[in-house]
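Read the structure below first, then the notes.
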Amino acid sequence: MNRKLTSTSRRAFLRGSAAMAAGGLAGAAGANGADPLITETQDWAIYTGAGVDETPYGLPIRFEEDVVRRNVEWLTASPISSINFTPIHALDGTITPQGCAFERHHSGAIELRKEDYRLMINGLVATPLVFDYTDIERFPRENHVYFCECAANTGMEWAGAQLNGVQFTHGMIHNMEYTGVPLRTLLNEAGLGAAGDLADKWVYVEGADASSNGRSIPMEKALDDVLVAFKANGEALRMEHGYPVRLVVPGWEGNMWVKWLRRIEVTDMAVGSREETSKYTDVYEDGTARKWTWVMDAKSVITSPSPQSPVRHGHGPMVISGLAWSGHGQITRVDVSRDGGMSWETARLGKQGDSKALTRFYLDTTWSGEEMLLQSRAMDETGYVQPTKTQLREQRGENSVYHNNCIQTWYVNAEGVAENVEVS
Ligand SMILES: Nc1nc2c(c(=O)[nH]1)N[C@H]1C(S)=C(S)[C@@H](COP(=O)(O)O)O[C@H]1N2
Ligand SMILES: [Mo]
């Protein structure tokens, strides 16, 4: 720090620490006013630091080494067909750094060089085409921030409160700024005239990995906002997120965001692949299936305080923070309850939400050690309100795995320790 505290700001600073001590907030300085971090010269002010040649590509400082993706051991039989979770309890703002953004693979993450990359468009098109990586970079491109949520996110919580951490209950989500070419541009290049009436047409998209993860997408969506993306948060996609090219299907379930995108076929019907029939489908109480549950409905969760992010300070000012999102568009409002949904206060949005992207919310409040049942409730631009767990179970029964967007509850005790619970 090369800035001197002026006498007024020094007085303000001291007043601040005295006030904190009175409020029970003071740390080491509070007891005797002799905090060695203030009164003594520290090593980092005497010796020089790391040179600019030491870290050509930077990683987070080692003190942040617990802010990492984690998996749940018992959830899947093998890490090859598995999932890990974004540490959303430790992040703020809305953008997910690629290095800790959750991964979901059906047959592992593959290493595919740009030189070996090919994308084929075939089926009901005038001219079937094959693009290489450099071809894709020559079309006009766009930048958009979108969330990608696996439909299985929160799926383990249907039967009851289960996993004690927001990373595990809600961490199958990431939110990045994508750079890519609209899928519509590439489809028009191949010529959709030959397809006839587009209203009942589909595209079948698949990846280059062994699973191929094929999915059918209705033409209306394909021509709307789907991107063929090659950058995320400004840099190349990471291997685990589909390097060098993935599909971005805004607001729709993560399974449709095909990674290592290799083929797009224009068809006159949905293929009915494994991923859209036996998987990513929910069954009602009477045994009938919900068909085509593509859109991720509005959802929110408090990330702090939460089980992995307990209250670490004393009584007085407290910030409650979380994330909200909707596959139908913008988040317009988020309410927070501290008494398990009996009363609600409207939270402040970090910034007006982007459409189909994460929105950060804050409730700037005070806490005097009372027990809390924390909940958040999101509303989107369609007027939809995030349901309670009871409401969702009434609609959907007890057989569901996917699309659990219900209100989450954290119990916070007098010490600030938080726990995953259910209220009815
Ligand atoms: N080619 C391919 N694409 C895929 C998958 C896959 O296994 N192979 N998994 C899908 C699933 S189920 C999800 S939720 C998202 C996850 O994207 P991520 O790994 O970038 O988080 O990718 C989807 N795209
Ligand atoms: Mo998924």
Side-chain angles (χ1 to χ4, degrees), residues 68-72 75-76 78-88 95-112 117-120 145-156 167 170-178 180 203-217 226-233 235-264 273-282 293-296 299 325 327 358 400-405:
V68 289
R69 300 188 274 234
R70 289 193 178 82
N71 23 315
V72 173
L75 201 58
T76 53
S78 134
I80 298 303
S81 177
S82 193
I83 188 141
N84 58 26
F85 302 84
T86 309
I88 52 174
I95 297 294
T96 315
Q98 291 203 70
C100 67
F102 89 97
E103 318 162 54
R104 168 81 176 104
H105 318 300
H106 291 78
S107 49
I110 57 167
E111 246 180 21
L112 179 54
Y117 180 75
R118 297 292 183 274
L119 171 60
M120 177 161 87
V145 177
Y146 293 122
F147 75 81
C148 171
E149 183 184 19
C150 179
N153 200 19
T154 323
M156 290 86 81
Q167 177 168 21
H170 291 76
M172 292 183 194
I173 191 161
H174 52 60
N175 190 66
M176 304 191 198
E177 185 197 43
Y178 293 98
V203 294
Y204 183 68
V205 289
E206 62 181 19
D209 54 326
S211 81
S212 86
N213 194 80
R215 288 290 305 245
S216 310
I217 301 176
V226 176
L227 283 182
V228 174
F230 48 89
K231 293 273 161 78
N233 299 343
E235 61 182 357
L237 294 167
R238 296 286 163 87
M239 170 178 79
E240 59 268 36
H241 301 128
Y243 180 94
V245 177
R246 89 172 303 165
L247 206 64
V248 166
V249 190
W252 289 26
E253 59 186 17
N255 186 259
M256 305 175 91
W257 295 47
V258 169
K259 303 191 278 192
W260 314 290
L261 179 67
R262 84 167 198 124
R263 192 171 73 94
I264 300 165
S273 71
R274 169 189 186 270
E275 298 296 310
E276 57 200 20
T277 53
S278 100
K279 302 298 170 192
Y280 295 96
T281 301
D282 289 309
T293 48
W294 298 312
V295 182
M296 302 309 296
K299 183 166 169 179
W325 60 96
L358 292 188
S400 284
V401 174
Y402 307 105
H403 295 275
N404 180 352
N405 68 320

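Heavy atoms only: backbone and side chains are in, while hydrogens, waters and symmetry mates are out. Counting starts at 1 for both ligands and their atoms, following the listed order.
- One N or O on the side chain of Ser107 and one on the backbone of Ser211 form a donor-acceptor pair closer than 3.5 Å.
- The protein residues lying under 4.0 angstrom from ligand 1, judged by non-hydrogen atoms, are Phe102, Glu103, Arg104, His105, His106, Cys150, His174, Gly207, Asp209, Ser211, Asn213, Glu240, His241, Arg246, Gly254, Asn255, Trp257, Val258, Lys259, Trp260, Tyr280.
- Proximity of a side-chain donor or acceptor of Glu240 to a complementary backbone N or O of Glu103 within less than 3.5 Å is not detected.
- Side-chain rings of Tyr146 and Trp257 stay apart, their centers remaining 6.0 Å or farther from each other.
- The backbone N or O of Ser273 sits nowhere less than 3.5 Å from a side-chain atom of Lys279 that would complete a donor-acceptor pair.
- Using a distance-only test at 3.5 Å, with no hydrogens or angles considered, no donor-acceptor pair links the side chain of Glu149 to the main chain of Met296.
- With Asn153 contributing its side chain and His170 its backbone, the two residues share a donor-acceptor pair below 3.5 Å.
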